[in-house]
Enquirer: 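Provided herewith is a single structure, encoded as C-alpha cells, for subsequent inquiry.
By convention in this document, chain letters (A, B, ...) are assigned in the order of the sequence lines, proteins followed by strands, and residues within each chain are numbered from 1. All heavy atoms count here, side chains included; hydrogens, waters and symmetry mates do not. Here the structure is a predicted model, which is why all the values come from computation and not from measurement.
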2 protein chains.
Amino acid sequence: MATIYEVSELAGVSLATVSRVINNSGKVTPATREKVEAAMRELGYRPNSIAQSLASNRSNSVGVLVPELHGPFFGSMLGSIEDELRAYGKHVIITAGHSDEEKEKDSIGFLVSRQCDALILHVYAVSNDFVTDLHESGTRVALIGRDLPQMAANCICIDNEQGQYLATKSLIELGHTQLAYIAGPLWKSDGQQRMAGFRRALAEHGQPFDERCVAEGNYQEASGQRAMRRLLERRVPFTGLVCANDVMAAGAIVVVRESGMTLPRDLSVIGFDNVFFTRYMHPALSTINYPIAEMGQMAARCVLRDVYGVEGLEIRNRFEPQLVSRGSTALLGA
Amino acid sequence: MATIYEVSELAGVSLATVSRVINNSGKVTPATREKVEAAMRELGYRPNSIAQSLASNRSNSVGVLVPELHGPFFGSMLGSIEDELRAYGKHVIITAGHSDEEKEKDSIGFLVSRQCDALILHVYAVSNDFVTDLHESGTRVALIGRDLPQMAANCICIDNEQGQYLATKSLIELGHTQLAYIAGPLWKSDGQQRMAGFRRALAEHGQPFDERCVAEGNYQEASGQRAMRRLLERRVPFTGLVCANDVMAAGAIVVVRESGMTLPRDLSVIGFDNVFFTRYMHPALSTINYPIAEMGQMAARCVLRDVYGVEGLEIRNRFEPQLVSRGSTALLGA
DNA sequence: GGCTAAAATGTAACCGCTTACATTCCTTTT
DNA sequence: AAAAGGAATGTAAGCGGTTACATTTTAGCC
C-alpha cells in the first residue's frame, strides 16, 4: 500500500501538503491540490487510518458493547447505530459482553485501548460506579438502558417498571385475576424493575402477590420454557401470563401448547420488548414496545454531538413504554 | 493514559524490556518481569493497540462485512464469529454493506485502511472479480456464501440450489401439484440459485413452470407481503407456497391469513434459512436449515488458521442444506 | 581470577501520519 | 521599487509502540 511519502514524492510537494489535501485543512492552491489528487489516484492511495489515529489521537470509530450479538434485540440496536454513525463517516467496533463482569470490563478495555473516540454501552454486569468512573476519567460514554444521575445527558433509557405495570394492568383489565409472571434475571436492574412493575399493578388492583406464581428466567428462550414448566408443576391455576421479555414468552408458549392449551382461550400471554418476530407469531404476541432501534440512534447522536461536534441533532433521552395489544391476550372467558 | 515510557521509567528498565514483557517475547528475568508488571499495575497501564498496530503492522482485529445488522440472519453469524475470534484474543470490526456496491466497496476500503489482519465478507453487490482481485492483492479474505475457484479454501458455502430443490420436492411429495414461488432478488446469485432449485424440482417431477406463479421479493418481510398479494391477484390457484427465505415467508403468511386462509389446511408454506423465530411461529414454519452460525464460525477459523497460524482447527467449507419439516406444510387435502 | 559464550537489557530507527512552527513566495501598499 | 503582510508550502518533532542490533551482565570453565 502506498504511503503519504510516495504521494508527496510523485506530486512533488511535501508531506504536510499532502496531509492538508487529505484532511481539507489549511490552505492549498487549487493547482497543487489537483497535482496531489492526481498522484493519489495514480497510486491508489488510501490513508492508513491506524497511523492517522495515532498521530491525531482520534480514530473516527466508536466502540459498541452489547450483551449478545445473536437474537432479535441487539441486532436492531446495532443496525440503527451503524446507520446513524456511518452517515457522518464514523465507524463501529463491536464487542459482546455476555453479561459477564470480566468480559464486559475486558471489552471496554479493548475498545479504549483501540482509541475509540467514544463508547456506546449496554451493559449489565458492571457496576454503576464503574461506569461513572469511566465517564469521569474522560472516556466519552453513552449508556443505553441505565440512568445514572452523574451523566444523565448521556443516558438513553426507558421506564421498565412502568412498562411491566402497563402489561400487567392490561391483563387485569381484561378480567384476569390469576396472573403468573416469568421474570427476567433478578440480579439485573431491568429484571428487578420489571418485576416491581408487575407487583405494583397487582397491588393497585387489590390482587395478592403469590410467590408461587413467579418463576425467574434469564431472557433466553430455553429459560422461558423451563420457567413455564415450573409454573405448571406448582398447580396454582392462572389465566394470564406476564413475561419479562418476548423471547421468554415465545419459549413459554411452546410449553403451553405442549400441555394442550390453546391461546388465548385458555391463557392470555403478554411479552415485553416488541421484537420484530412477535408479529409473526400466531396469535401475534401482545407486548410492550421497547423502541430499541430508536434508542440506539439516540445514543449514536449523543456521541455525534458530544464528541464530533455535530449540531442540530434532535435527541431524546427518555422513552415511554407502550402497550401493543395483539391476539395473544383476550378477555377472560371470551 | 499511561504510556510504555512511563512504565519503563517507573520500573527502571528500558522501553524494549517493557515491550518484551507485554508481548512475552524474548528473554526477561523473572525479577525484572515482576518489576515491570508491578509498574504496569501501579499505573493502570494498557498498551495502546493503535500504536501496536502501526509498529507491528498487525492489528489483531478482523473486519466483518455483512449486508445488514438487523434481522435474525446476520446476528447469528456475527455472534459465532465474535465468539470464535475472541477465544484467541482477536477482535471484530463490523460494517454493513446494505447490498449496495458503493457501500460494500467503501466498507472494504475502510476495513483495509483500518489495518484489519483479515476480512470476513458476506457480500452481494460487488463482483467476483473484485473479490478475487482483493484476495490476490494480498488482503486476507474469507468469503461466506460465494464459491470462487481461485480461493476455494477460503470460501464457506452451501448449495442453495439443492436447498430450494429439497424444499420444493418436499411439497410435491406431500401431493401438491400447484406451487407458487416467492423468489429472492434475482440479481443476487443466491436468489438465482434458489430459483433454479425450484425449477429443477418442478421439472424432475413433470410439473410445468408457470411464470404467473412466481413473484420476486428482496428477502425482507414487506416484500414477502407484496409478493403474496401479487400472487393472489393473479388468480392462478396453488396449494403450496415455496419462499426463498423465512422472513418473506413470515410476511406472506400475514397476507395469507388476511385473506381468510388457514395454515396448513388451505396452503402449505415452506421457507428457507431456518432462522430462530421459525419455531415460534404457529404453525411452526417448515424450512431448509442454513447453518449460518456454523458457517460464520468456519470463516473465523479460516482466518485463525491462515492469518494467525492457529493449528488443529477443524474446518468445513461446504455445507449441505437440510429439510426441516414442521407444521406449516401438510399432505394435500389432509 | 580471567576469558568467553550466552543471556539479559538497552539504543535507536522506524511504522505512516498530523501539526506547530519556520520559510518562501506573492500581493499590496506607499 | 522596497517594505510589509498574508498565503502557500516545507521542516521536523512527535504519537506509542516494535524490533534489529549493540551493549552489558551473568555464568561457566579452566
Side-chain angles (χ1 to χ4, degrees), chain A residues 1-40 43-61 89 109-117 138, chain B residues 1-40 43-61 89 109-117 138:
Chain A
M1 193 54 107
T3 73
I4 198 175
Y5 181 78
E6 300 169 44
V7 174
S8 79
E9 188 99 320
L10 182 59
V13 300
S14 72
L15 293 187
T17 302
V18 177
S19 176
R20 286 183 190 106
V21 350
I22 291 171
N23 299 295
N24 264 309
S25 62
K27 300 269 124 201
V28 181
T29 299
T32 74
R33 152 163 277 120
E34 180 44 43
K35 267 195 304 186
V36 172
E37 281 171 348
M40 298 201 298
L43 294 168
Y45 171 75
R46 286 193 72 103
N48 176 324
S49 52
I50 292 286
Q52 288 181 311
S53 300
L54 183 59
S56 65
N57 201 31
R58 55 192 347 259
S59 61
N60 284 319
S61 65
F110 168 74
L111 294 172
V112 168
S113 74
R114 200 75 217 164
Q115 304 294 98
C116 289
D117 297 329
Chain B
M1 191 56 106
T3 73
I4 197 175
Y5 181 78
E6 300 167 46
V7 174
S8 78
E9 187 99 321
L10 181 58
V13 300
S14 73
L15 294 187
T17 301
V18 177
S19 176
R20 287 185 189 104
V21 350
I22 291 170
N23 298 295
N24 263 310
S25 61
K27 300 269 125 201
V28 182
T29 298
T32 74
R33 151 164 278 119
E34 181 43 45
K35 267 195 305 188
V36 172
E37 281 170 348
M40 297 201 298
L43 294 167
Y45 170 76
R46 286 193 71 101
N48 176 326
S49 51
I50 292 286
Q52 287 181 311
S53 299
L54 184 60
S56 65
N57 202 32
R58 55 193 347 259
S59 61
N60 283 320
S61 64
F110 167 75
L111 294 172
V112 168
S113 73
R114 200 74 217 165
Q115 305 293 100
C116 288
D117 296 330

Enquirer: Listed by chain and number, what are the side chain to side chain donor-acceptor pair (under 3.5 Å) partners of B:Ser61, not counting sequence neighbours?
Expert: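 B:Ser61: side chain to side chain donor-acceptor pair (under 3.5 Å) contacts with B:Ser59.
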Enquirer: Roughly what angle, to 10°, lies between the helix axis at the start of the helix from C:dG1-D:dC30 to C:dT30-D:dA1 and the one at its end, five pairs per end?
Expert: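 So the angle between the two local helix axes works out to 40°.
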Enquirer: Please list, chain by chain and in numerical order, all residues satisfying side-chain contact (heavy atoms from CB on, under 4.5 Å) with B:Arg46, sequence neighbours excluded.
Expert: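 By the side-chain contact (heavy atoms from CB on, under 4.5 Å) rule, B:Arg46 matches A:Ser113, B:Met1.
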Enquirer: Who pairs with B:Ser14 by side chain to side chain donor-acceptor pair (under 3.5 Å), at least two apart in sequence or on another chain?
Expert: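 In terms of side chain to side chain donor-acceptor pair (under 3.5 Å), with neighbours along the sequence ignored, B:Ser14 is linked to B:Thr17.
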Enquirer: For A:Ser19, which residues count as a side chain to side chain donor-acceptor pair (under 3.5 Å) partner, sequence neighbours excluded?
Expert: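 Counting only residues at least two positions away or on another chain, A:Ser19 forms a side chain to side chain donor-acceptor pair (under 3.5 Å) with A:Asn23.
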Enquirer: What pairs of residues pass the salt bridge (charged side-chain N to carboxylate O under 4.0 Å, His left out) test when at least one of them lies in residues 28-38 of chain A, not counting sequence neighbours?
Expert: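 Those involving residues 28-38 of chain A are A:Arg33-A:Glu37, A:Glu34-A:Arg41.
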Enquirer: Classify B:Ser19 by what it touches in the nucleic acid, base, sugar-phosphate, or nothing, heavy-atom distance under 4.0 Å.
Expert: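 The residue B:Ser19 makes base contact.
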Enquirer: Considering only heavy atoms of chain A and a distance under 4.0 Å, specify the first and last nucleotide of DNA chain D in 5' to 3' order that meet this criterion.
Expert: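 On DNA chain D, the outermost contacted nucleotides are D:dA8 to D:dG16.
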Enquirer: Hey, could you give me each pair passing salt bridge (charged side-chain N to carboxylate O under 4.0 Å, His left out) that has a residue in residues 7-28 of chain B? Not counting sequence neighbours.
Expert: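 Listed once each, the pairs would be none.
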Enquirer: B:Ala39: which residues meet the side-chain contact (heavy atoms from CB on, under 4.5 Å) condition with it, sequence neighbours left out?
Expert: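 For B:Ala39 the side-chain contact (heavy atoms from CB on, under 4.5 Å) partners, ignoring immediate neighbours, are B:Val7, B:Leu10, B:Ala11.
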Enquirer: Taking only residues two or more places apart in sequence or in another chain, which ones pass side chain to side chain donor-acceptor pair (under 3.5 Å) with A:Ser53?
Expert: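 Side chain to side chain donor-acceptor pair (under 3.5 Å) check on A:Ser53 returns nothing, list empty.
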Enquirer: Mind calculating the distance between CZ (B:Arg33) and C1' (C:dA7) to the nearest angstrom?
Expert: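 Rounding to the nearest Å, CZ of B:Arg33 and C1' of C:dA7 are 14 Å apart.
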Enquirer: For A:Thr32, report the nucleic acid contact type (base, sugar-phosphate, nothing); a contact means any heavy atom under 4.0 Å.
Expert: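 The answer is sugar-phosphate, as A:Thr32 gets under 4.0 Å only of primed atoms, P, OP1 or OP2.
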Enquirer: If you round to the nearest 0.5 Å, how far is CE of B:Met40 from CD of B:Glu6?
Expert: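 It is 13.5 Å, given to the nearest 0.5 Å.
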Enquirer: Using ring-ring contact (aromatic ring centres under 6.0 Å, His included) as the criterion, list what pairs up with B:Tyr45, not counting sequence neighbours.
Expert: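 Expected list: none.
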Enquirer: Grab the N/O contacts between the protein and nucleotides 11-16 of chain C below 3.5 Å, and write none if there aren't any.
Expert:
from, atom 1, to, atom 2, distance (Å)
C:dC15, O2, B:Ala55, N, 3.4

Enquirer: Would you classify B:Ser49 as touching base, sugar-phosphate or nothing, given that sugar-phosphate means primed atoms plus P, OP1 and OP2, and contacts are heavy atoms under 4.0 Å?
Expert: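 No contact.
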Enquirer: Which heavy atom of B:Pro47 sits nearest a heavy atom of B:Ile22, and at what distance?
Expert: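 Looks like CG-CG2, 4.2 Å.
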Enquirer: Tell me what A:Val18 touches on the nucleic acid: a base, only sugar-phosphate, or nothing, going by heavy atoms under 4.0 Å.
Expert: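 Touches nothing.
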